Amino acid sequence: RGRACGGLVAVVSPCTSKLVTSIQLFLFFCLSDVSCNSVAQKIYVELNNTVPCVRLLNATHQIGCQSSISGDTGVIHVLESEADLEWPLSKGPNPPYMVLLESSLFTKSIMMKMKNASSRVAGVVVVQKTSPPEFSPHTTCPNENTGVYTETYDHNLAHCNTTVWNPRGNGLSYEEFDSPVFSLKEDNETEVIKQCYFDHNRVVNGSGLQYPLCAMQLFSHMHAVTDTATCMRRSSMDFSTSPVMVCDPLGGYNVCAFIRPYNSTAFGHKENESVVILDSRAFFLEDSTGAEGSVSGFVTLLAAAQALREATQEAPPTRNILFAFFHGEVFDYIGSSRMVYDMKNNMFVIDLDNVHSILEIGQVAVRSGTNLFLHSDPVSRRNNTVHDEVTNLVKNLQSSTAGLNFSLVETDFSQPLPPSSFQRLLRARAIPGIVLADHQTDINNRYYESFYDNAAHLNLTYPSNLSPEEQLEFVTDTAKSLTEVATAVARALFKQAGGNNSQVNKINADPKTVTQMLYGFLVRSNNSWFQAVMAPELKDILQPNPPQYYVGVAKSSHQANALTYLVQYLLANLTGTATNLTQSQCKKPDELPNESTYLYSYLWVQGVVPPNSTQRESFCVRTAVRLVKAVSPAFDLGDYISKEYSTWTKSQWKFIKARIFLVASRDLEMLTLGVGVAVLFTSLLVTYFVRTKADVLFSSVREPNNAAY
Amino acid sequence: MTASVFFGCTFIAFGPAIALFLFTIARDPLRVIFLIAGAFFWLCSLLLSSLVWFITVQISNKESSSQQKGLLIFGVVLSVLLQETCRFGYYKLLKKANEGLLMLSAEETMPISIRQLAYVSGLGFGFMSGAFSMVNILADSVGPGTIGIHGDSQHYFLSSAFMTMAIVLLHMFWGVVFFDSCEKQHWWSLAVVVISHLLVSCLTFQNPQYVGSLVPTYIIVFLLGLWAFFCSGGSLRNLKLCLTCKDKDFLLANHRPR
């Protein structure tokens, strides 16, 4: 609000203005375009780049953190070591405390101690600094109840009895905290906080802490409680036309593409069609780039799809191939369970009978040696047909590594599948399939589902003298190894789909594409190649940092998150064909004789900027890539306590913010109140006295001829 | 800072004003009306000075700090002069209104004397001035934080409250003295009122050395209070009589029939 201010009252209202801080003067200075709450600006410093921990709910629990409705305030304490926890937990004289700790101290034992002392600890702020040697906040057995290994399937393999896949997991993400937990990057704001702490909160030897103390307040109140069923019931109780939702189901879109597209409106079984599925997971968690966890897998898949394009167009194989990118797999397999559900209920273009075999690319970037491993399911292989098919697939895969620098080794026969989307398909039908991974037993990823699983974890290093565009083109070693994996996968898939063996050696993945994708997904999404493949209206999702990876909520409008669009457009670019259509024709291609929106989707993309001009050469891509809605079937069925499907929802909130300020001592506050009450009483008494004696006090007013003196 | 600071500062700043209103003005509707009209006149002066301030700030050079400081001093002086002008305008209006009221009413004497009007209008000015000074600060004092993270003094809320109390009382005293000197055509005492107003406003440039601004201000409050007391008919003799409780005898003595 803009307001001009008069001068007399300059005495009491300070204003901020950068020029005045040097003068010891309070200027009353309100510009019409500056929010003029200058007193608040003198008190609070707002923190803008915070990432809060939010509340998630499923059928039985709530996890995550929340603050009280008017925020949680605590005196800042910077934790230096685990022993230093004594201060906020018991010794410190000014509870409650807001504990600031570095990421190396963000361990389960410290967090649980603080959780138990919630009366003295108002909240936790984690500053992301150097990576610890290992850290995984996920559970030790990811998705143990929604995979295929249940008690009924095989008692010995259930609940990770034979192999614990994530032994480093501490389960921190699945704990419930009553106090807010925020995460900050190491930047200017963190410096301000630390400076405030050092100025005001440090104990000087011997003397106690002097007020005023530096404090922080965190707001992250969540509306939903208890579990999904409760919050869905509360959401639907509002009978107005626009119901107020208290929580939103997690979900997004799966990206699917067939080599030979089907009519997208014809659902159900396709006679005589056999499909090989190649898929990868998108295991994403908030603020985690999932470099090894997911990016390695889907980048390899994209490269394999590109490698297959030429060969499948020249000599189409007998069987069709489906490239599938499943979204939200970390939350009990949202994407893959949705696809299986659609297939079973004739809501997808093929059904489970059409699926011939499955190859899944798991985590493939962190090798310990030169081998990659092929995991299969021992229980379904007890059936001979399945066993033969799997052996055939293994043979195809192993023969595809000829001439490459690695080899594929089968894992131990009795070992179950690692957590993968293939498990959901197995749960529905015993389909032959293989999961390709870089680990033989437990996973190699030391930072599974944490924010340290980033470019540095994959050793993505670029020489320092390169500009961003040169870094984009630079082929790293990681890119080279992933390219080889993609080549092997593409060749194996071609053979598996019944392609002509003589064409196999021409199938090669392109290392330049792989390294550009790795750069775009892990370092900087706003680069020239990503700009060229995106649609003009979506170019704003490209940022100078890696794209946001959190599985968002499934919005009712057709809006996917940044990652989904990137994968969709990249797959379109790598497997589709450029056409000559104009922009208006691209929107309505059905009017043209040879084009059909039943089979293909038409995307208008920006294209590159030619060297001598500034205009982009946009064009229309005809592609078989489709987005398929990926929301857990539990929400369609209304079964919010489902044990079969994912029931994860995310709570809604009003606002989330953090700020720091100084707090005064209780004594000063009480003194102020006391003085105020005293002034009020005194003035009441004096006024009463003056009023009753007013005749006398002001009697000189009387006209002289009325007085008798 | 918290609710206790909020209430403490409210009571400090507006305690005398509330007490005066409750005991002397609230029962008489005519006085209430004139109080509110006085407040309105102060608002008019604020509007005019704000307008001038806004325009001069927009056309000034925002980067030059000396220019901004000079602009602030100019703003303060202008605002004080405008307030006193509005007070004078209100005085003129009241004189005219009084004549009209006398014609309309059935009684022979004026329902409200000019002296009472002076007091009421001064208090009205004081209320409005105090409200504009203090309300914004009170709203921020409810939050958990106190001033100081950027290095400013911690005693901001308390000193603002005391200053506001001084201003409220001062406006009341100025009202009394101003109207009295206008009645008696003592233009020099009018000048003293304006000069003391300017002096108090300029003392605030001492902030954040609150002692340097508050102590002289309270000295001026005391002095002006004495002057207003004498202007409105008080004398040391009356005061002594009241305080030693001999007032009843005095009244009886005065009403002895002749």
Side-chain angles (χ1 to χ4, degrees), chain A residues 4-14 17 19-29 31 37 39-40 42-45 73 196 212 214-215 217 660-664 669-670 672-677 679-680 682-684 686-688 691 693 695-701 707-709, chain B residues 1-2 4-5 7-12 15-16 19-20 23-24 46 49-51 53-54 63 65 68-69 72 75-76 78-80 83 132-134 136-137 140 144-150 152 154 158 160 163-164 201 204-205 207-208 232-235 238-239 241-242 247 250 254 256 258:
Chain A
C5 322
L8 166 70
V9 291
V11 49
V12 282
S13 302
S17 159
L19 22 125
V20 193
T21 45
S22 56
I23 317 173
Q24 282 289 323
L25 209 119
F26 288 147
L27 259 188
F28 207 171
F29 196 91
L31 301 175
N37 198 349
V39 181
K42 284 277 181 187
I43 304 179
Y44 303 109
V45 174
T73 314
C196 184
C214 199
Q217 186 176 35
I660 59 170
F661 45 86
L662 293 187
V663 283
E669 295 175 8
M670 286 300 144
T672 313
L673 182 62
V675 169
V677 171
V679 165
L680 183 67
T682 315
S683 37
L684 283 170
V686 169
T687 313
Y688 181 69
R691 191 191 65 158
K693 311 274 191 211
D695 303 342
V696 177
L697 274 176
F698 302 111
S699 61
S700 312
V701 175
Y709 49 92
Chain B
M1 269 145 71
T2 45
S4 44
V5 170
F7 282 113
C9 286
T10 312
F11 292 153
I12 292 175
L20 287 165
F23 283 128
T24 58
L46 179 69
S49 44
S50 305
L51 221 56
W53 169 264
F54 184 71
E63 298 300 318
S65 62
Q68 295 303 319
K69 186 172 172 191
L72 184 64
V76 167
L78 178 74
S79 175
V80 167
Q83 283 175 53
F132 264 82
S133 304
M134 205 55 198
N136 230 5
I137 299 168
D140 282 316
T146 184
I147 290 211
I149 196 164
H150 294 295
D152 311 300
Q154 240 205 107
L158 212 53
S160 304
M163 197 63 186
T164 306
S201 297
T204 66
F205 286 116
N207 290 339
S232 53
S235 64
N238 296 344
L239 194 58
L241 278 174
C242 274
D247 48 319
F250 173 71
N254 268 347
R256 231 180 2 227
R258 301 231 153 233

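All values reported here derive from a predicted model rather than from experimental measurement. To find a chain, count down the sequence lines: A is the first, B the second, and so on, and within it residues start at 1.
Comparing B:Ala19, B:Gly148, B:Pro16, B:Gly15 by how many heavy-atom pairs each has under 4.5 Å with chain A, the most go to B:Ala19.
B:Cys9 approaches A:Thr672 most closely through the heavy-atom pair SG-CG2, 4.0 Å. Between B:Gly145 and A:Phe661 the shortest heavy-atom distance is CA-CD1, 3.3 Å. Heavy-atom minimum distance, B:Phe11 versus A:Gly676: CB-O, 3.3 Å.
The only option from B:Thr146, B:Ile149, B:Asp140, B:Asp152 that meets the side chain to side chain contact (heavy atoms under 4.5 Å, CB included) definition with A:Lys42 turns out to be B:Asp152. Screening A:Val675, A:Val677, A:Leu680, A:Leu673 for a side chain to side chain contact (heavy atoms under 4.5 Å, CB included) with B:Ile12, the sole residue that qualifies is A:Val675.
Both the backbone and the side chain of B:Leu239 come within less than 4.5 Å of a heavy atom of chain A.
The number of heavy-atom neighbours closer than 6.0 Å to CZ of B:Phe23, taken from other residues, nucleotides and ligands shown, is above 12.
The side-chain heavy atoms of A:Tyr44 and B:Pro144, taken from C-beta on, include a pair separated by under 4.5 Å.
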